[in-house]
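Structure, as structure tokens:
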Amino acid sequence: MTSSEGWRCAQPRTSQTRFSLEPRNLASVQHIILVLSGKGGVGKSTISTELALALRHEGKKVGILDVDLCGPSIPRMFRAQGKAVHQCDRGWVPVFVDQEQSISLMSVGFLLEKPDEAVVWRGPKKNALIKQFVSDVAWGELDFLVVDTPPGTSDEHMAIVEALRPYRPLGALVVTTPQAVSVGDVRRELTFCRKTGLQVMGVVENMSGFACPHCAECTNVFSTGGGEELAQLAGVPFLGSVPLDPDLTRSLEEGRDFIQEFPKSPAFPALTSIAQKVLQGMPALLS
Amino acid sequence: MEEVPHGCPGADSAQAGRGASCQGCPNQRLCASGAGAAPDPGEEGAGPEPEVKGTEHHLRVQMGNAGWGLLTASLASFVSRRVALLDIDICGPSIPKIMGLEGEQVHQSGSGWSPVYVEDNLGVMSVGFLLGSPDDAVIWRGPKKNGMIKQFLRDVDWGDVDYLIVDTPPGTSDEHLSVVQYLAAAHIDGAVIITTPQEVSLQDVRKEISFCHKVKLPIIGVVENMSTFVCPKCKKESQIFPPTTGGAEAMCQDLNVPLLGKVPLDPHIGKSCDKGQSFFVEAPDSPATKAYKSIIQRIQGFCGSHQSNNKNHVNS
């Protein structure tokens, strides 16, 4: 995809352009958390979104940087699809989801003319855009920058860790489902964290059981226990299990604020507890 | 960024994986296999496309978003022909576990690498077989992943097979471009795309469909996984992943792409995958098993008519 095809107002630079790192764009960001998973489809974007919403409800200002270039889910989860990215003297202005500007977003999803257009890029081009997302987005003052990643341990992950490393100690939150197949890939993700100096704040187990709305019987749809076992094995905190919750799925589909609108839903206690643990874990991360 | 041991000979060196300083490096087995020495297929003139001999049909199972590989396994199980399953999810190779092949190793012979056999008629290859420990991470950038894929296609001695199924990671990037490029001469029959019913999944699948059109890869059809859930206690149906925008059915109608079938969520599937057992043997009467069987028949139908079209074209 060339810069003349299908790009909206903000255009990516080519790899020949010299990047000038603007430390001031991240200078007022207090904490950076990467949300990772070895496996796809486990709910990284869900956890990134709900963590941001829960932190906002605790009075924090949060940004979300979506570096899943092939499958950018974040815009839709905040009902922000179709919004444009504008420029200012410091670079790109992130997309605000509300008038109070309590949550701001950046995603390749905002840069595509057609939402169904595939970003079919090899590694080097992905790396270049990710570096640009880090240096050229004017985040302003944020308590938290949550970085939503694609599954795996490849170009995007290496690029984002390299680009963010100069600014803040980086925390990682790793998402898995209870299944051993997912846990297997997340063990590899934890190795990636160790090798790249990311401090693992904890493991979140998503899709942890489903309570039948008809008879309340809880079924372990995707097996059980894998997340907690993994955390113990790896010696990292277990932050909690989030059950399958159709209200949560629907909220994300419709870009609603689940934390605000569904306090009685099965996933609510787990998500708010995870956010609390993240807040409590911050001093340890900084030391 | 990858941690290299002091005195690393270099991934493309003749000593890769074999030197004294390679001991204990997590990439040692991979380097010793020669994967790092493969030329970057992204470069011009990187050599001829690898030949994959003997396969009549090449299917690509493309995950718009991850479907835990079971459909791939099912395609292989039901087709009572000779099937090869190639896992090119280099960073997240799940196929060995799902097929009950964890801990197996790949052997080399004069004719190349041997796939690992689940049954006599089902051979599997995955980077998972080349890793020393379950914690070993494959932290590779695109070019190195491409090299591995090329090597899999070129150096694995599949023997005579009827179907080669390629399981891909989510996305539309290096792995997808490379496998389409490398198999161009061998003619891929088509792609099967897996999704779940929600829009968050469908929006990625639309991109996968767009990718297929861009690279002129025929689309065999879409499978909607985790469609409905039947409570084992009260037997009533629920939708864990509500199809807020009409699910795969509406998308397929919009985009004029076949819907091959819908597979319900059965908790036994996850358990079987975790144990590496065949779900279809464990639960032959499950609605999910029936759904898979019907999907396979449609895929076989597509490949059969695709092949006769090609033959007619050649003969005319």
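Side chains are part of it too, since the values below use all heavy atoms of this structure and drop only hydrogens, waters and symmetry mates. Residue numbers begin at 1 in each chain, while the letters A, B, ... track the order of the sequences.
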Would you name the heavy atoms of A/M207 and B/F241 that are closest together and state the gap between them? SD-CZ, 4.2 Å
Quick one: do B/K214 and A/E117 make a salt bridge, cutoff under 4.0 Å? yes
Regarding B/E199 and A/R79, does a basic nitrogen lie under 4.0 Å from an acidic carboxylate oxygen? no
Identify, with sequence neighbours excluded, every residue that meets ring pair (Phe, Tyr, Trp, His ring centres under 6.0 Å) alongside A/F258. A/F262
Do A/R122 and B/S178 have side-chain N/O donor and acceptor atoms under 3.5 Å apart? yes
For residues 209-216 of chain A against chain B, heavy atoms under 4.5 Å, the residues are A/F210, A/C212, A/P213, A/H214, A/C215
Mind checking side chain to side chain donor-acceptor pair (under 3.5 Å) for A/S154 and listing every partner two or more places apart, or none if nothing turns up? B/K145
Check A/D116 against B/S210 and note the closest heavy-atom contact, atom names and distance. O-CB, 3.6 Å
Only counting residues at least two apart or in another chain, list the ones meeting side chain to side chain donor-acceptor pair (under 3.5 Å) with A/D185. A/K39, A/R188, B/S94
Least distance between heavy atoms, A/P115 atom then B/K207 atom: O-NZ, 2.7 Å
Sidechain-backbone polar pair: A/E253 side chain, B/V200 backbone, donor-acceptor under 3.5 Å: yes
With a 4.5 angstrom heavy-atom cut-off, could you sort out which part of B/I240 is near chain A: side chain, backbone, both or neither? both
The interface call for B/E102 against chain A, heavy-atom contacts under 4.5 Å, is neither
Can you name the closest pair of heavy atoms from B/P232 and A/T219 and give their distance? CD-OG1, 3.5 Å
